[in-house]
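Contents: one structure, followed by commentary.
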Amino acid sequence: MKVPRTPDSMSPPHNPASVDVLGVGINATDTIIRLPYFPARDSKVEIISTSMKPGGQVASAMVACRRWGLRARYVGKVGDDAAGKFQREEMAREDVEAHWIKARESRSQSAFILVDEKSTERTVLWNRDPRIALRPKDLRREWIRGARVLLVDGHDTAAATRAARWAREERIPILGDFDNCYPGLEALLEYVDFPITSRDFPERLTGEKDLLQSLPKIFSKFKCHLMAATLGPLGVIAWDGVRFILCPGFRVKAVDTTGAGDIFHGAFLYAMVRGMVLEETLEFCCAAAALNCTAVGARGRIATLREIENFRQRSARSERAFDSKALASAARAASLQGPRKVK
């Protein structure tokens, strides 16, 4: 199976205002605090280092795509504080076409991310001023036109739904990055062609703990082209309406897992534009995400395309999250629930 190409994905656009990828959603300023171990209650721990880094699901995905040579456009909202200025400067430095909505007398989204040096696991402490929520009235339809593929997240669902509806009307494929069930999310999912979620999201949405059952349920209900969940170091599992595709992860010496999902989604966008087959797409995404975990920050190591390809060819893989028999059995069971639904 090929990931459906975006319209005219391999040829130069005729419209000078067009872009390869468009992202509407979150940006954030992260303060990374590296610790020798996670602190117990009522204790003191000497920190290893602190650093301020740009982040945010959609913003980081756009930066990754731009570094890989795609034309990227970002739409997001910030406050009028130093963090907002930092975000705008970083996006300009990365040469991403950015359309900013500024909320007066407001704080931009920020997070303090505690990274356990032993396990490399992270704990995110975040704050978001309600005044920087992206609203439908903030968007302009011309920002959507000319894009080959749209990425949205699940935070400001009303605005994301408007962007996705406009994209559908423009016949632009839509990729979704979801980790929590925010109000209005199901209305947004009606427009999303490729939901790629966190491991826990399908259970939160359906109540079904088994991914091999929850993924087909979401696929069928929302008539997706592909439904997938990332599995951390174990890679990703996807359902295309006929079969499960499991792509094991890559083994790395992780330093910080912040932003792994963001870069995974950026890599999926890149693969869509380049017309990669699905198995190659998922492997490319896992490799890019794994390499990003070898440095600090959401954009810690957005590797070059050559680095990713070399890594894919030479690096050891994780164990399989599911065995082949379980996948085949679950696929047969899912197929009995009804025929594949295609948008």
Side-chain angles (χ1 to χ4, degrees), residues 3 5-6 9-10 12-13 18-30 32 51-76 78 86-100 143 146-153 173 175 177 194 196 230 236 250 252 254-276 280-315:
V3 176
R5 271 190 191 173
T6 61
S9 63
M10 298 301 288
S18 68
V19 291
D20 294 307
V21 294
L22 164 67
V24 177
I26 288 291
N27 64 85
T29 299
D30 299 334
I32 312 293
S51 55
M52 189 173 76
K53 303 284 186 180
Q57 288 166 254
V58 173
S60 294
M62 292 302 102
V63 168
C65 287
R66 185 69 193 102
R67 290 195 193 177
W68 295 327
L70 300 184
R71 291 155 299 186
R73 177 183 297 153
Y74 172 71
V75 178
V78 290
F86 175 64
Q87 286 295 328
R88 296 194 306 272
E89 290 174 345
E90 282 295 304
M91 206 61 88
R93 186 177 66 83
E94 296 285 358
D95 193 31
V96 173
E97 176 194 325
H99 298 274
W100 296 102
W143 294 343
R148 292 176 174 175
V149 59
L150 167 67
L151 171 66
V152 295
D153 59 38
L175 173 66
D177 180 358
F194 302 91
I196 300 180
T230 56
V236 61
F250 290 87
V252 294
V255 172
D256 178 11
T257 59
T258 304
D262 310 345
I263 304 309
F264 187 103
H265 286 80
F268 199 93
L269 292 170
Y270 179 86
M272 289 181 70
V273 171
R274 295 304 184 215
M276 293 184 187
E280 181 186 10
T281 293
L282 296 179
E283 192 169 282
F284 175 75
C285 293
C286 287
L291 284 169
N292 198 62
C293 294
T294 62
V296 174
R299 306 170 196 172
R301 187 184 173 192
I302 300 175
T304 67
L305 295 173
R306 178 170 291 184
E307 287 172 334
I308 294 170
E309 181 59 29
N310 289 339
F311 181 74
R312 285 175 58 197
Q313 298 297 328
R314 301 174 184 175
S315 297

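Nothing here was measured: the structure is a model prediction, and the numbers come from that model. Atom set for the values below is all heavy atoms of this structure, side chains included, hydrogens, waters and symmetry mates excluded.
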(message) Set out, in order, the CA-CA distance, both residues' side-chain angles and the distance that settles side chain to side chain contact (heavy atoms under 4.5 Å, CB included) for T281 and Y270, then state yes or no.
(response) CA-CA 9 Å; T281 293; Y270 179 86; over 6 Å; no
(message) Using a strict threshold of under 4.0 Å (side-chain N to carboxylate O), is an ion pair present between R312 and E309?
(response) yes
Roughly how far, to the nearest 0.5 Å, is the [atom2] atom of [Y] from the [atom1] atom of [X]?
X    : Y    : atom1 : atom2 : value
L282 : M276 : CG    : CE    : 11.0 Å
C286 : I308 : SG    : CD1   : 11.5 Å
I26  : Q57  : CD1   : CD    : 6.5 Å
I302 : E307 : CD1   : CD    : 11.5 Å
L175 : L22  : CG    : CG    : 11.5 Å

Closest non-hydrogen atom pair between [X] and [Y], with its separation:
X    : Y    : result
R299 : A59  : NH2-CB, 3.5 Å
A298 : P54  : CB-O, 3.9 Å
K53  : G297 : CG-CA, 4.2 Å
W68  : A303 : NE1-O, 2.8 Å
N292 : R301 : OD1-N, 3.0 Å

Contact check, side chains of [X] and [Y], non-hydrogen atoms, under 4.5 Å:
X    : Y    : answer
F194 : V149 : no
R67  : E94  : yes
V296 : S51  : yes
N27  : F86  : no
R148 : R71  : yes
S315 : V252 : no
V58  : D177 : no
V21  : L151 : no

(message) Applying side chain to side chain contact (heavy atoms under 4.5 Å, CB included), can you list everything that pairs with R88, at least two apart in sequence or on another chain?
(response) V78, K85, W100, K102
Compile the donor-acceptor pairs under 3.5 Å between side chains in residues 259-266 and protein atoms, sequence neighbours left out, one pair per line.
from: H265; atom 1: ND1; to: G261; atom 2: O; distance (Å): 2.7
from: H265; atom 1: NE2; to: I196; atom 2: O; distance (Å): 2.7

Taking the side chain from [X] and the backbone from [Y], do they hold a donor-acceptor pair closer than 3.5 Å?
X   : Y   : answer
Q87 : A28 : yes
Y74 : S60 : no
D30 : I32 : no
R66 : A72 : no

(request) List the steps and the verdict of side chain to side chain contact (heavy atoms under 4.5 Å, CB included) for V24 and W143. (result) CA-CA 10 Å; V24 177; W143 294 343; over 6 Å; no
(message) Could you walk me through whether R73 and H99 satisfy the side chain to side chain contact (heavy atoms under 4.5 Å, CB included) test, starting with their C-alpha distance in whole Å, then the side-chain angles of each, then the deciding distance to 0.1 Å, before giving a yes or no?
(response) CA-CA 8 Å; R73 177 183 297 153; H99 298 274; 3.8 Å; yes
